[in-house]
Amino acid sequence: MTPPLEPSLATSARRSKGSAPELDPVRLAEWDHAHVWHPFTARDWWESREPLIIHAAEGVELIDLQGRRYLDGVSSLWCNVHGHRHPVIDQAIRDQLDRLAHSTLLGVTHPPAIELAKRLADLAPPGLTRVFFSDNGSTAVESAVKMAFQYWRNKPDPEPDRTLFMTLGDAYHGDTLGDVSLGGIELFHAAFGPLLFPTLRIPTPHPYRDPQRRSPDQVRDHCLGVAERLFQTHGPQVAAVVAEPLIQGAAGLLVHPPGFLKGLRDLCDHYGTLLICDEVAVGFGRTGTMFACEQEKVIPDFLCLAKGITAGYLPLAATLTHERIYNAFLGSPECPKTFYHGHTFSGNPLAAAAALASLRVFEEEKTLETLPPKIAHLRHRLERFARLPQVGDVRGVGLMAGIELVENVETRASFPPAWRIGARVCQRARDYGVLTRPLGDVLVIVPPLVVTIADLDRLFDALEAAWNDVREGRA
Ligand SMILES: *Cc1c(COP(=O)(O)O)cnc(C)c1O
């Protein structure tokens with residue numbers, strides 16, 4: 001059932017009766033504004049409004065201090081999988097807490113990391129048997145970049161000229177400087193230009209923004225053609241190609257034409273270089289299969305995993321590779337072949353226990369088998385949304401979708417950024433009980449995999465109502 005669409009136009013924060021003083025919303029808001037520096041958040045926007053303070057959660061809902069409930073439309077930044085406070089995962093973390101909260105993987109080891117490495121190697125595409133743990137998506141990719149770079153220096157017949165990375169336009173691979181070097185999002189990355197290493201850039205295969213409006217297949221072939229020409233010029237210097245498989249998340253949910261990933265793999269093979277697949281966003285069922293690269297039968301040389309790995313519970317990441325790469329790092333401690341890279345909380349036991357529990361839930365609840373009807377319904381609701389005015393494009397893979405709002409559907413001209421259309425629609429959607437975070441004027445729909453058809457209706461009904469309100473001047 002779809003709940004009624006009355007905005008609950010809530011109100012200035014008020015001291016809620018009987019709550020502990022540390023949960024006083026007015027004081028918390030003051031302290032937040034005084035002390036918290038929020039990631040990826042424009043200050044003028046944040047400081048001009050009352051903060052939404054999330055205090056609890058249940059299933060696919062987040063609950064604020066005043067007890068209002070919001071459907072978690074972006075899975076708490078694309079990482080929640082089985083819902084919040086899942087009893088199996090909660091219990092696994094409690095059980096682990098009774099034994100060991102943290103011990104390092106530098107020079108010692110522990111059962112949750114060992115077992116998780118085994119499980120990931122069994123699940124991943126064949127041959128990716130070696131698991132390097134870290135603690136977030138940025139470090140998962142940064143580790144792969146440094147491993148690939150060092151591999152060419154370490155291997156028995158070294159190729160030290162392979163120092164260049166080839167990436168996609170609009171790429172986003174995280175926020176460490178190596179990842180920012182790979183990145184291609186002007187707004188996020190331009191400020192750091194002088195600090196970055198140079199990369200080779202393949203245009204993003206994004207048919208909606210193709211100036212010549214070619215078909216998806218033509219756009220794919222064009223972009224692969226550019227990649228091929230880059231290889232013809234720089235082939236022996238390419239250390240690796242780095243790409244998000246199937247869909248580029250932070251770039252604005254840009255769906256690649258079918259065959260693009262396979263084409264990249266073929267080029268890497270032909271020119272003898274490595275492929276790094278950043279599945280930080282798309283791994284763990286997000287696109288309908290456990291890993292996105294499975295859909296094009298591609299086996300990368302490095303598979304980078306984070307966000308969904310603990311079902312959105314705790315920070316953890318993994319970089320998987322094959323034995324040929326690992327074997328190039330064989331050497332005594334004083335020899336420079338060792339991978340001198342790692343993080344204090346790499347493979348933390350609580351996080352690894354959560355990840356193992358999540359994989360158990362995937363099996364017990366047959367999560368992947370439940371997805372096709374939800375994906376079909378999401379498609380249906382996207383197509384319905386596309387019939388509203390000023391909707392330029394709707395696109396997605398699996399349970400990961402975007403709705404691009406434009407000023408002019410014919411010319412595909414965007415709204416002036418200062419109008420903050422996407423942000424205003426999402427702000428309004430909160431009044432209808434849905435929490436989502438846009439990427440510019442692209443509305444983002446990345447719900448937990450455990451959502452029901454009714455939840456999807458609630459999500460889309462709220463976004464439709466919010467878009468109508470903004471367009472018609474009511475919000
Ligand atoms: C989120 C994301 C990252 C960075 O992960 P963090 O955990 O935020 O450091 C890297 N790559 C992709 C594709 C992502 O979506």
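Numbering of ligands and ligand atoms starts at 1, following listing order.
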- Message: If we count only N and O atoms by modelled type, under 3.5 Å, do the side chains of Tyr313 and Asp90 hold a donor and an acceptor together?
- Response: yes
- Task: Go through ligand 1 atom by atom and flag the ones less than 4.0 Å from a non-hydrogen atom of His173.
- Result: 10 (C), 11 (N)
- Write out the residue and atom name of the closest protein heavy atom to atom 9 (O) of ligand 1, then the distance separating them to 0.1 Å. Ser138 OG, 2.6 Å
- Message: Under a 3.5 Å distance rule, please check whether Arg85 uses its side chain to pair with a backbone N or O of Ala57 as donor and acceptor.
- Response: yes
- Message: Looking at Thr273 and Val238, would you say the former's side chain and the latter's main chain have a donor-acceptor pair under 3.5 Å?
- Response: yes
- Taking only non-hydrogen atoms of Lys307 and a 4.0 Å limit, the atoms of ligand 1 in range are 1 (C), 2 (C), 3 (C), 14 (C), 15 (O)
- Item | Atoms of ligand 1 close to Tyr172 [distance to a heavy atom under 4.0 angstrom, numbered from 1] | 2 (C), 3 (C), 11 (N), 12 (C), 13 (C)
- Message: Holding to ring pair (Phe, Tyr, Trp, His ring centres under 6.0 Å), I want the full list of residues that pass it with Phe460, two or more places apart in sequence or in another chain.
- Response: none
- Item | Option passing side chain to side chain contact (heavy atoms under 4.5 Å, CB included) with Ile445 (candidates Val394, Thr436, Ile403) | Ile403
- What atoms in ligand 1 come closer than 4.0 Å to a heavy atom of Ala281? 15 (O)
- Task: Determine, counting only non-hydrogen atoms of the protein, whether one lies under 4.0 angstrom from atom 5 (O) of ligand 1.
- Result: yes
- Message: Considering both backbone and side-chain atoms of Gly174, is one of its nitrogen or oxygen atoms within less than 3.5 Å of a nitrogen or oxygen in ligand 1?
- Response: no
- Pull out every atom of ligand 1 sitting under 4.0 Å from any heavy atom of Asn136, numbered as shown with elements. 7 (O), 9 (O)
- Query: By side chain to side chain contact (heavy atoms under 4.5 Å, CB included), which residues pair with Asn154, not counting sequence neighbours?
  - Reply: Gln150, Ala328, Phe329, Lys337
- Message: Show the nearest heavy-atom pair for residues Leu182 and Thr167, with the distance to one decimal.
- Response: O-OG1, 3.0 Å
- Message: Using a 4.0 Å cutoff against the non-hydrogen atoms of Gly137, which atoms of ligand 1 qualify?
- Response: 4 (C), 5 (O), 6 (P), 7 (O), 9 (O)
- Query: Is it the side chain (CB and beyond), the backbone, both or neither of Ala306 that lies under 4.0 Å from ligand 1, heavy atoms counted?
  - Reply: neither
- Message: Suppose I only count heavy atoms of Asp278 and a 4.0 Å limit; which atoms of ligand 1 are within that range?
- Response: 10 (C), 11 (N), 12 (C), 13 (C)
